[in-house]
Amino acid sequence: MTNTSAPPLPSSPPAPPRTSDPVLRGPVRGPFLPPGDMEQAVTAYHLATSPARRWDVESAVDWSAADADRLTDGQRSAVRFVTLIEDHLPGYFAVYTRRFPLTADVDLADFAHHRELYHFTVRWAVEEDSHARALFRYQTESGIVDADTLRRELAVEGRKPFELPHDDAVALFAYALVQEKATQIYYQQLRAVVGDPVLAELLGRLSRDEARHFTFMADVVERYLRVHGDAVVEPIRDVIARFRMPLADTMRGYWRWALRIADTARYDHTDAYDHLIRIVNRAVDARTDRVDELTRFIAECRSGAAAPA
């Protein structure tokens with residue numbers, strides 16, 4: 001059932017994490033984009049990911065110069081936190097393969113949509129896995145932690161299942177839009193304060209990748225709004241009403257850790273909400289009551305915004 005009630009403002013104390021594992025859901029429901037529209041979005045993404053912009057974990061960074069002694073305790077903690085988030089990539093990728101299946105029982109038109117999306121998903125997964133490997137390498141080369149200890153720490157979280165509590169296709173794209181933009185913003189802000197130039201360079205590379213991932217998701221959500229209009233407004237609203245960053249419900253001590261890294265560099269996923277509002281406004285030529293209510297609701301959910309009447 002769709003949650004239509006306004007949530008507490010993000011600035012209020014976070015709810016405690018749930019102790020039960022998330023329910024792993026089956027295929028999402030439509031409406032879907034026409035496969036040709038998805039193909040255009042995927043092609044635009046691949047064109048933006050030119051060979052000149054790609055980078056290799058082994059050779060792009062001078063790992064021998066990495067020095068965690070140039071970091072504050074808070075900056076070290078932030079690196080450990082984002083490594084855990086990035087390393088959960090197998091769980092994130094499984095969401096896409098499970099929710100947008102490519103199996104014999106899928107309708108032909110839906111299969112065509114999912115197959116076009118898969119051309120994005122596999123490239124995205126390679127890039128995100130590079131982020132995890134690069135952050136692992138930075139921690140071990142800089143002296144934050146030894147490799148065996150870090151592998152065990154990552155395995156504890158990596159074994160936990162991940163799922164998103166949405167059943168509409170557009171909701172998964174809207175979630176990823178906010179999450180990718182919030183991650184990009186945090187990497188930029190952390191890069192501005194870290195004391196190790198090697199880490200600053202790495203965060204710059206990660207931020208640029210996340211910006212391209214956001215651009216793809218923004219393109220897809222905009223296309224959904226143009227093609228389907230009011231039919232996809234409520235699923236987008238539901239994303240904002242129930243939004244949590246990845247692993248917020250499964251990582252032990254997540255909220256305390258999130259507050260700590262926010263003391264190091266601003267960490268507030270609602271910073272991404274203005275970008276979603278701009279996408280909605282750009283996509284919709286003829287305003288409707290439902291669209292206007294959506295943009296008001298998103299704006300009200302920004303941290304520090306006035307509580308809705």
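Along the sequence shown, the residues carry numbers beginning at 1.
- Distance alone, capped at 3.5 Å, places no donor-acceptor pair between the His213 side chain and the Glu128 backbone.
- Under the rule for a ring pair (Phe, Tyr, Trp, His ring centres under 6.0 Å), Phe111 has no partner lying at least two apart in sequence or in another chain.
- A continuous path of Ile, Leu, Val, Met, Phe, Trp and Tyr side chains, each step under 4.5 Å between heavy atoms, connects Trp255 with Met245, placing both in one hydrophobic cluster.
- Between Asp230 and Arg290 the shortest heavy-atom distance is O-NH1, 3.5 Å.
- Using a 4.5 Å heavy-atom cutoff, the side chains of Asp37 and Arg226 are not in contact.
- Judged as a side chain to side chain donor-acceptor pair (under 3.5 Å), and not counting sequence neighbours, Asp285 has no contacts.
- Atom CG of residue Leu172 and atom CG of residue Asp167 lie 9.0 Å apart, to the nearest 0.5 angstrom.
- At least one donor-acceptor pair under 3.5 Å links the side chain of Trp257 to the backbone N or O of Ser77.
- A salt bridge (Lys or Arg N to Asp or Glu O under 4.0 Å) check over residues 136-147, counting only residues at least two apart or in different chains, returns the pairs Arg137-Glu141.
- Shown here are the side chain to side chain donor-acceptor pair (under 3.5 Å) partners of His113, two or more places apart in sequence or in another chain: Tyr224.
- You'll find the side chain of Ile85 stays beyond 4.5 Å of the side chain of Thr183, heavy atoms only.
- A donor-acceptor contact under 3.5 angstrom links the side chains of Glu39 and Thr43, judged on distance only.
- Atom NE2 of His166 and atom CZ of Arg29 lie 11.5 Å apart (nearest 0.5 Å).
- In this structure, the side chain of Arg98 engages the main chain of Arg25 through a donor-acceptor pair within 3.5 Å.
- Take Thr140 and apply the side chain to side chain donor-acceptor pair (under 3.5 Å) test, not counting sequence neighbours, and it matches no residue.
- The aromatic rings of Trp63 and Tyr138 lie tilted to each other, with the angle between the two planes from 30° to 60°.
- Interatomic distance, Met217 CE to Phe120 CZ, rounded to the nearest 0.5 Å: 4.0 Å.
- Note that CD of Glu86 is 6.0 Å distant from CG of Leu135, once rounded to the nearest 0.5 Å.
- In this structure, Gln75 contributes its side chain and Val193 its backbone to a donor-acceptor pair below 3.5 Å.
- Cluster annotation: Val42 is connected to Val95 through the hydrophobic network of ILVMFWY side chains, with a link wherever side-chain heavy atoms come within less than 4.5 Å.
- Taking the six-membered ring where tryptophan is involved, the planes of Tyr254 and Phe81 are tilted, since the angle between them lies from 30° to 60°.
- Taking the charged nitrogens against the carboxylate oxygens, Arg99 and Glu163 do have a contact shorter than 4.0 Å, which makes a salt bridge.
- Judged purely by atom type and a 3.5 angstrom limit, Arg302 uses its side chain to pair as donor or acceptor with the backbone of Thr270.
- Using a 4.5 Å heavy-atom cutoff, the side chains of Asp67 and Val198 are not in contact.
- Defined by atom type and a distance below 3.5 Å, a donor-acceptor pair is missing between the side-chain atoms of Ser207 and Arg191.
- For His88, there are no side chain to side chain donor-acceptor pair (under 3.5 Å) partners, not counting sequence neighbours.
- Between Tyr187 and Leu202 the shortest side-chain heavy-atom distance does not fall below 4.5 Å.
- Side-chain contact between Asp87 and His131: absent, with no pair of heavy atoms (C-beta onward) separated by less than 4.5 Å.
- For the atom pair Arg282 CZ and Leu225 CG, the distance stands at 10.5 Å (nearest 0.5 Å).
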